[in-house]
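Report on the structure given below.
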Amino acid sequence: MEWADELAARVSGPQVVNDSKTPSGTVNVGSLRGPVILDVITRALRASGHETTLLYGVDDLDAMDAQALLTPDAVERYMGVPLAHIPDQIEDGHASYARHHAQTFIDLFADLGIHPSRYYWMSDIYNTGDMDPYIQQALDRAHVVRDLYRRVSNVQHPDTWHPVLVICETCGRVGTTIVTKWDGDRVYYECRKDLVQWAHGCGTSGWVAPFGGRAKLPWNLEWAAQWSLFGVTIEPCGKDLATAGGSRDRSDAIAREVFEREPPINVPYEFLNIGGRKMSTSKGRGAAAHRIVEAIPPEQLRTLFIRPRPNHAIEFDPEGTDAIPRLFDEFDRLADATAGRPVKGELPPGSASIFRYALLDPAADIEAEATAFRPSFAHLAFLVQVPGADIPALMAAEKGSPLTLRERAVLDERLAAARAWLAAYAPDRARMSVHEALPDEARTLDLDQRSFLAALVAAAGGAGQPSGGDDWQATIFSTAAGVGLPPGRAFAALYLAFLGRPNGPRAGWLLASLDRGFVAARLREAAAADATMSPAGGGA
RNA sequence: GGGCCCGUAGCUCAAUGGCAGAGCAGCUGACUCUUAAUCAGCGGGUUGAAGGUUCAAGUCCUUCCGGGCUCACCA
């Protein structure tokens, strides 16, 4: 975690931190690693006294090149068209396909404590003409760009190729056009049928002035131009771009040789893997970012991204595992350590700053946050399944005093997350349900346990029948004592009879929540269940 | 084919070149009202493999094996 502080110590003067994203579709959780890293760097810079601007851009003039999210009839019409010019496929009020997906993603930022100083949309930037000087310069130095592509990336463009993409005046596509001439004012372009495989141009050709939003720079030049336009000093990027001879290398070279400026400091970061493989929404691996945040509150999600070094891939598999509960446990351990409470085991390196940077509010009172009462997530996931449990009261009892407003908010946040986790991710062993019929496992009950169940039917019937959870709980204990059965085995008998497992939620409240006749019938049934089997041998 | 990252306990990860460790999971035990909580204890390893440097290698060098990502078309 020291990486951010070390970076902050290395630079001098005001800083501009930038990142941008192409809104080509639904975004998965892994994509949030970039913004979180960005935010942590910004906080580290500000904490060490650097005046810092955080920019976040949307590359919405990029061509649509993924047809997965288009309706079949829209594919032919919109492939190759700038994302900003495609109608929203989901009619929920967004102006375009790009706005829809970018906004869905950006809306998560504030919830995650990420507050860029400014968002910019490249379609707007081009329209204002701010990019025109860079387009001009790129065209004037087209030969430099061609040479550099050949040298840095071994990409061989024809000698007539020019680094600008015109938006076709006829069909509106940008992914299918190629510029072959530049006279200093206008370019000659062709919208070709077979320039790329994934989209088909309309055949238009002609001269056009490539300014004011009528054309855009290819990605690598656009990136470098952003650095110059905004004065970017630090820009992290995913390792897909950071590879040798890859996108970042090209853009770095373009910045130096075309726009004559040193590229920003790079902080390459690894991805978030699911089951050892890259998370990919289109391949059905991993959850969409805006879905998984329902089960992982902001501070825990920040912890997930901040804990490892940026160049370490994160292994995270929330499906059917306890990965999410463990994330909460880890956060709580960091809080304990920060508050000076005893912590089991050793702490991860840089644990103090992990907690600090995981907090939502950079100006938060760290001491207060660390000492606040936080209920165990696993315990809550269990309690929300207990019928009728008064969880706030239970938590106040556990804490030993009433919850503060902040603690109550944490509790509510965790309860919501626990419900979302149980609904979408939890392994079956974390869920429980009352079986409709006597579970097979109830056949492993021994004679003492059956006697107990029979005695419980008797104790719970008639005039003195239990009226609530407390009452049932007391009855269970007294009945168990009456037949000389240790409470642990008595509870196990009840769980086996109703849930088919040897443990479960507080039995008194469970029974109180069920139909009285059903409870009595089940108890009798379990008490009478096949006794021909050896009590010791179980059910071989 | 080129590049980058990774490989340590069942899982997730630590270990300025100095006795291989934690959390979780697992197992055992304790608990008459938190009973999937809590507490106590236990087991768990040829650090992917082979060489080399060193008094000393999980760590540095070389080679190999395995996994992943990525570039070479576009962004």
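Sequence lines set the chain letters: A, B, ... in the order given, protein chains first and strands last, and positions in each chain run from 1.
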Exercise. Are A:Arg302 and A:Tyr357 in a cation-pi setup, meaning NZ or CZ lies under 6.0 angstrom from the ring centre and within 45 degrees of the ring axis?
Worked result: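 No.
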Exercise. Does A:Trp121 have A:Arg99 sitting over its ring (NZ/CZ under 6.0 Å from centre, angle to axis within 45°)?
Worked result: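 Judged by the rule, A:Arg99 and A:Trp121 form a cation-pi pair.
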Which base, if any, makes a Watson-Crick or G-U wobble pair with [N], both distances under 3.5 Å?
| N | value |
| --- | --- |
| B:A30 | B:U38 |
| B:C64 | B:G48 |
| B:G1 | B:C71 |
| B:C11 | B:G23 |

Exercise. Is a side-chain donor-acceptor pair under 3.5 Å present for A:Ser247 with A:Asn220?
Worked result: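 There is such a pair (donor and acceptor under 3.5 Å, judged by atom type) between the side chains of A:Asn220 and A:Ser247.
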Exercise. Would you say the side chains of A:Glu222 and A:Tyr126 form a donor-acceptor pair under 3.5 Å?
Worked result: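 Note: A:Glu222 and A:Tyr126 side chains meet the donor-acceptor criterion.
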Problem set entry | Nucleotide of B:C33, B:C24, B:G23 approaching A:Arg333 most closely (side-chain heavy atoms) |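 Nearest to the side chain of A:Arg333 among the choices is B:G23.
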For this session: Compare the minimum distances between each of B:U12, B:C24, B:U32 and the side chain of A:Glu315, then state the nucleotide with the smallest one.
Result: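 So the side chain of A:Glu315 is nearest to B:U12.
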For this session: Indicate the ring-plane relationship of A:Trp223 and A:Trp219, choosing parallel, tilted or perpendicular according to the 30° and 60° boundaries.
Result: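 If you compare the ring of A:Trp223 with that of A:Trp219, the planes turn out parallel.
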Exercise. How close or far is atom C1' of B:C13 from atom CZ of A:Phe316, stated in whole angstroms?
Worked result: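 About 15 Å, once rounded to whole Å.
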Close N or O pairs between protein and nucleotides 71-75 of chain B (under 3.5 Å):
{"unit_1": "B:A72", "atom_1": "OP1", "unit_2": "A:Arg250", "atom_2": "NH2", "d": "3.4"}
{"unit_1": "B:A75", "atom_1": "O3'", "unit_2": "A:Asp62", "atom_2": "OD1", "d": "3.0"}
{"unit_1": "B:A75", "atom_1": "O3'", "unit_2": "A:Asp62", "atom_2": "OD2", "d": "2.8"}
{"unit_1": "B:A75", "atom_1": "O2'", "unit_2": "A:Thr22", "atom_2": "OG1", "d": "3.3"}
{"unit_1": "B:A75", "atom_1": "O2'", "unit_2": "A:Asp62", "atom_2": "OD2", "d": "2.9"}

